[in-house]
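To start, the structure itself, in structure tokens.
Order of the sequence lines sets the chain letters (A, B, ...), proteins ahead of strands, with each chain counted from 1.
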Amino acid sequence: MSHHLYLLSPSDTPLYSLTHYSSKPAQATVTSPLASNLPSWSTSAFAGTLTALSGATSATQPHHVQGGTVRVGGGQDRHVIQMIANASLDVIEEVVRKENAMYLKSVDKFNEWTVSAFVTPGNMKFVLLHEARNDDGIKAFFNDVWELYVKTMLNPFHTAHTPIRSPVFDSRVRASAKKYL
Amino acid sequence: MAPTLPTSLSPHICILSSPDVEELFEASSLPALSQTLQSFVPLPQVTTRTTSLASIPHSSFALRFSDLHEIESATHEDEEQRAGRMMDWIGSRLSMRAPAWVQMLDAQAAANQEANVKESIWNDKTPWWEEVKRCVEGDHVPSTDEGWNHPVAVIMAVTTRAANPLQALQDLNSLPVDFPPWVDRTYLRYYLIIHPAKSPLADPIAEALFNAVKKQYGLHSYLLPLALPTDPFPTPVPVPSLPPRLPPPPSVTYETPPLAPAPTPAALSVPSTPRLLMSPAPRSPGPSMLMGRQPSASSPAPTGGHTLRLSEGDIQQTGKFVREFVVMSLVPWMEKCVIDWNENVRHLGFSKKLGLNMKQFSSSRRLPSRLFSSTRRLFGSSNVASSSSIPATPVHGSNPSISSISSKVSSHAPSNSVSSVASVSSIGTIGGGIVTQQRRLAEFATVLGDYKLATTVWENLRKEGRGGSDILPLLLSPSPALALHVAHAITLLHSLSPHAYGSPAHAQLRALSFAVRWAIGIDKRDFLSAVLEGERWLVQAAAGVRRPFLSEISLLCWPMRLDFGSKLIRSIKAEEPPATALLAHAAFLSEKKGVRRRSALWYLSAGDKFEKSGHKPLAMYFFRKAHELYKTPHTKQISPSFWESEGVDHRRWKGFESVLPGIEHELGRLLYTTGDTEGAVRYFTGLLRKAPLAGSITSLDLMNGSGSTEGQISADKVYLEDFRVALKHFRTTEQHKWEASSLQLPVMFCQARQTRVRLPNDITDGDPSRWAKLEDDWSNFWASRGKEKLERNCRAAVDEHFWVDIAMQNPLDVEVSLSELSVIVKEAVADETKDVKDIVDVEIVDEILLGAREMRTIPIAIKCRRPASLLITHVTYSFLSLLPAKESLAVRGRRLHDTPQQRQNKAYAPDVVIKVNVEEAGQRLFANFVDDRHLVLAHGEHKRLKLWLSNSGSKKISELWLVTGTEDGIWVNDDSSKQDSLFQLPQSEVLHSHNSLAPGEPIRLPLTDLHGSSELAPGENLQFSVTFHASQMAEQDLCFLFIFRESESMSFRYARAVRHYEVRPILKVVAHGRPSEALDQLFALSMEVENVTGFTGIQLSQLTTVSPMWLCNFPAQLHLGKVLPHQITRLTLGIRPWQKEVESIKPISQFVAQKLQAVVQGNQPDSTNPPSVDLLCSHITATNAITSVSAPPTCHFMHSGKRAFAFRATTSSHPHIPANSLKSIFPLYNPYTIDIMLFWEIPSENRHGHILVPGLILGASHAPLKEILEDAESAKVKRSMYAETQRERVEILKAIRGSEWNLELDPVVVTTESNDIVNHDFSIGPCSVPVAFTLRNYSPTNPCRVVMKFDSKVEQHNGHPLRPRFAGRLTHRATLEALESVIFKVKVWVDRPGNFVLDGWTVETEVGEQVDSRSLASANVWRSRHLHYLQGPYPGSLPCVTVVGMGHSL
């Protein structure tokens, strides 16, 4: 079961992203019966076929083996996950206009992905894609990330558009993800 | 407002016609009767009644006509199979038309863009959705799940052309209806007699016939007189198009369903694409329009669109029939059914005492008599009044009980409709399906517009879990609850499937039809409102039914259910496109709603699905839409100054880094597979983007320690491979397009800012900072002598190679190869550039491989054949040996700040291009070491190095300088210095030193001496040698910078020579001094010389001490000789003051004190040089030959070695004092130091050298800087606002206090002298042993007072040496001048024999101020320096007295 975290600037520019693979068992019953499996986005046998057609011997492309059971980790599927995070911004903006809370739980849903969000007073958006329901854990996780983000922002050279590349931030967010997700 | 129901929720009427009807219509070139009648619906202005008899006007009342036989055969097909076929059929229709649609939309979009027109018919709808909608709406085959398609009426039609029309009607009536048992048989029978104009029966006879029929079959009959068209046919009249219907299954096999639609009759032409003219869900026109319109003969036949060639009279007649049929028969019959069933359910509810209150279905009021009368009139009097469940006796045909039970074949015999209602209601369910009477009630009520009743019934059905959730959203007003109904409806579809993969196609089809009904039946504004968010319903419906994985199917197929599995796979393939059309429509609606990001996601998802089902044009269209929507920046509700404050341009928004490449890759692949190689290549080219920086998001993700990322390759690799393949294909197959395409590589490999020109003179070996320092040294040196500048070597020479070092960095995350790497060179001639191929040779590098993100510097050699000014403008290469690319080498000019305009806006100077001037070689010098081998030196070795200089230019050189590193000991040999060693000299000599820390200066090479001529003419060579002293153990480069010029007042140029060398240790020398016990000398200097190598032949040849103050006495027995491998030779030297020079200490001390005072007060010390000093050099040699230190090379090496050491020591201990001012603060020699030079030689290898051991300080000094420091500390300090300044000040003081110039020592050293062994006869009494204590003042400058006290008390401790008792005078005082000594003689009483330790004394010392010997007045004045010391015996070396008892012991 995986989680995808994105930190977006007020202009919706991603500053940080994290893919976390939870070791906790997925709660099978929670997933909606409506949820179809995520289509295997990466059934591209293209490169392989083309290589075969062109007679080149170089690359047997292992990338089209992924998909199906191997969920998102990078490569082909990444853009769909990112697209979902991007699409959820529509709803997040709408909810933010109506509500005052920073933590917007389960704000949107796309197939099996539930999107939870956290909007800081500075209009930074933390978007988390997850499969199972875990409101308390996610809230605690978001609060941790917020604190870490604030600490990062204390750096006078860090602006709202600076991508976060701090390894300390990264390792702490990972630790928090491990703890709560 | 009453909702407009979708057509598929309208009454379904089947037509059973006799063969003569078909013949008649065929002869008249008309479509079948059902299709003809279909052209006359929907009907305008139909009024229905609710159960409470309220009128409901319908502005448009839809009906569906179809052929009964068709329905009969269709109902016998397996439902799942049919659903699969349906899906396939819709998919095939989509795929057939998609290319044309996409083309049309693209063309339209382009046209709109050009004309800036916003209006288009496709602004509010999409052709594929219209198509799917029509197909789904056109489904008219009854289903087990719902009753909408179950026939409501059957019209039996005959013509008067039949031989016996009455008999024909009778035949039709008795023909068995071949419906499966689950089809509801509650339908109205209607009898139609068509009376064509050419009928053999005359009109009155036809009238009579009609009367007979009426008598026999009741009021539900009609005589339709028609003129029917004959040749020439009347003008075609446009009619609403018929919805497309699924063609019947091929009888043989279902594996390959026919994709082509059924053939259409001649009069009904089907257009290839749906257009606006034929509204797919017609609501308005119908027969009324037809009737009211008189198309003129001259007007052209409507293009596209369905037409009917019927005369005006016939149209009127038929329209009248349809209207009468609906208003007089169908609607009243349906109303009657509703009332009956409603009552019935109520009774049933009461009788069964159900928990639910069924009463709600019925109006609580009694039915008014008006209804009874009207229904009686319509349905006959026999059993109309009976609303009870008593079965009436059928007048005709079969027993009603037969129709009610599940008989497969039943007769068409006219069971009385109401009685059949009654009989059915008694059972409660109609057949095997779930179409119950209750559901029919709800459906009829819905059709009739009695929504109040319908809603309650549907609600109840929903609560019982028997459907209804799908219809309720259409009937209820918008509320959030509708979304729940929708979700429930879709969930139910899933759960209704008997097993997980039971009916994917069927469930999918139902989900599809639900979605279509919602989309049609709910007002668009409501549907898209924030409350309903209808577009999400469509997505839910699209995703609602779970599809099995292929792996699961294969499990199912194995081993025995092969047929099932294969069927399933087929149905999975079939279910894709229509469901995907739902997604696409949802995306479309979202886009219209302004929710663009979600729309982009759904478009992407739809595109992906369409691609998988093989609908490439549509897939491409959707991918493009997603791409476009994603790329369009979203208007943000943030302050405009946000962008300004961040310094970011809002138009250059960069979103998620993988999204655009992901979509573009798909598009590229699709284009390639559809044959558009150029387009594909263009997309693939766009994918080659600069990878995000290392350590950023992507790599962090990949680092995440989960196994699933293993085996993944970077997206760049995939993109590059696809790009390579597509590009290769494009280049080989479409040569002319390739040439016209002018593809550009989007990434840059060349780092223009790091690209440099390298000229042959620029030796790049050696540390660049060292070269820079040498040049700085030269500039500093020359600054005071002249203004001539050192010119950079920025000109290349004609016919000589120079190089452009191109920095190439691979921005991609994958290895790439670049071939034919070269540069473009142009000549700058008077503001223009021209090609210079004829005069310049440029190297071409065949191929380079750059790893992922690797950066490399590639030198490209260039040679020019005549003087020119060359511009190196571009670098060219061939990417992957396929795509030629060109990158500019120009870099942006500096930021301009000159005017306010420039400061406020970013303005830059013109781009800077690499420029190389090639000239005839004028002033050129090549310098090389003659021997270029790796140099390994012994520590301290003197090595002769030969250098070779050549004037390769065209002008003479008359002035030549050599600049070397300040720490390198270099001596330029000339002929006079060849006999620098082996003089016969006295054992000591005096050297005069300027005592300055100033670094060595550049050496002017004496051309006259070295070359024999005062100048070096062009082409001439010069060879000379230098001696290099390897003073430091290291492995480094020896850098020589030669500065030369043609003549006075010309600027200088330079040449470089570098040689790598390594210095290894051979001798380890340790020296330390201590106070000497011998009175004739002050100190004893011990040296340990260790041979750390395995050499046997290392010989110490000479030992020289150098000191401003100390004189060295070499003991007579001292002998220098060989030092064996890994052995230590110890030498001890005696040191005494060089009396002459003790006085010379003072000026040096004063100089330092004065300079440091300035430093601690924060002032800049003046730049006066320290006073010079005389150095006394004492030698001892192994032979008689002495190497004189006054010989220039030795003196130079000694000085440079000492300077290097002193400079290093001073800079490290005074880091806060600038290095360039050290020379005016600290002298080179501390007067107290003594340096040792140890000369060695290895005769067998003809090597020799010396090791300098500097920095040994002897003698006591008395904190000469004490006053200065105290003043500085007690002075009123201006506190600086900067803590750093304050801290630095403290550190400076601390460093000065601890420096060698402020040493402080107890100057008095006590030595004890006594006879070691005393013999005494204790019988005569205790023994008195005399002991002398010598106190010596080791201060060469200051006097001191001493008080020596002896302890008379003796405390004996067991196990410790015995202590004697001092006797006589126990306190001694003395005043010692500098270097003076005094002896105190005392006695100790010993009362028994033993070994006595002479401790128990203390010496108190007070140091006095220095006495100026010249002023006699102050000679006897004691001034204390306030330095007090107290010392006792040294625990380590206690003197002893041994007293031996004698004789009398017996």
Answer yes or no: does atom NZ of A:Lys105 have more than 12 heavy-atom neighbours from other residues, nucleotides or ligands under 6.0 Å?
no
Determine whether A:Phe110 and B:Arg598 make a side-chain contact, defined as any pair of heavy atoms from C-beta on separated by less than 4.5 Å.
yes
Hey, what do you get for CE (A:Met83) to OG (B:Ser605), rounding to the nearest 0.5 Å?
10.0 Å
For B:Arg536 and A:Asp108, run salt bridge (Lys or Arg N to Asp or Glu O under 4.0 Å): C-alpha distance rounded to whole Å, both residues' side-chain angles, the deciding distance at 0.1 Å, then the answer.
CA-CA 11 Å; B:Arg536 283 181 186 264; A:Asp108 206 352; 2.9 Å; yes
Residue A:Arg172 excluded, over 12 heavy atoms near CZ under 6.0 Å
no
A:His79 side, atom NE2; B:Tyr630 side, atom OH - distance, nearest 0.5 Å
11.0 Å
Note: vs chain B, highest number of non-hydrogen pairs under 4.5 angstrom among A:Asn86, A:Leu89, A:Asn123 is A:Asn86
Using the test salt bridge (charged side-chain N to carboxylate O under 4.0 Å, His left out), find all partners of A:Asp12 that sit at least two apart in sequence or belong to another chain.
A:Lys125, B:Arg597, B:Lys636
Specify the closest pair of heavy atoms between B:Leu601 and A:Val80, including all atoms of both residues, with the distance to one decimal.
CD1-O, 4.4 Å
Between A:Thr13 and B:Phe656, is a side chain to side chain contact (heavy atoms under 4.5 Å, CB included) present by the stated rule, with each step listed?
CA-CA 7 Å; A:Thr13 310; B:Phe656 293 87; over 6 Å; no
With a 4.5 angstrom heavy-atom cut-off, is it the side chain or the backbone of B:Leu660 that approaches chain A, or both, or neither?
neither
Just wondering, more than 12 heavy atoms not from B:Lys592 lying within 6.0 Å of its NZ?
yes
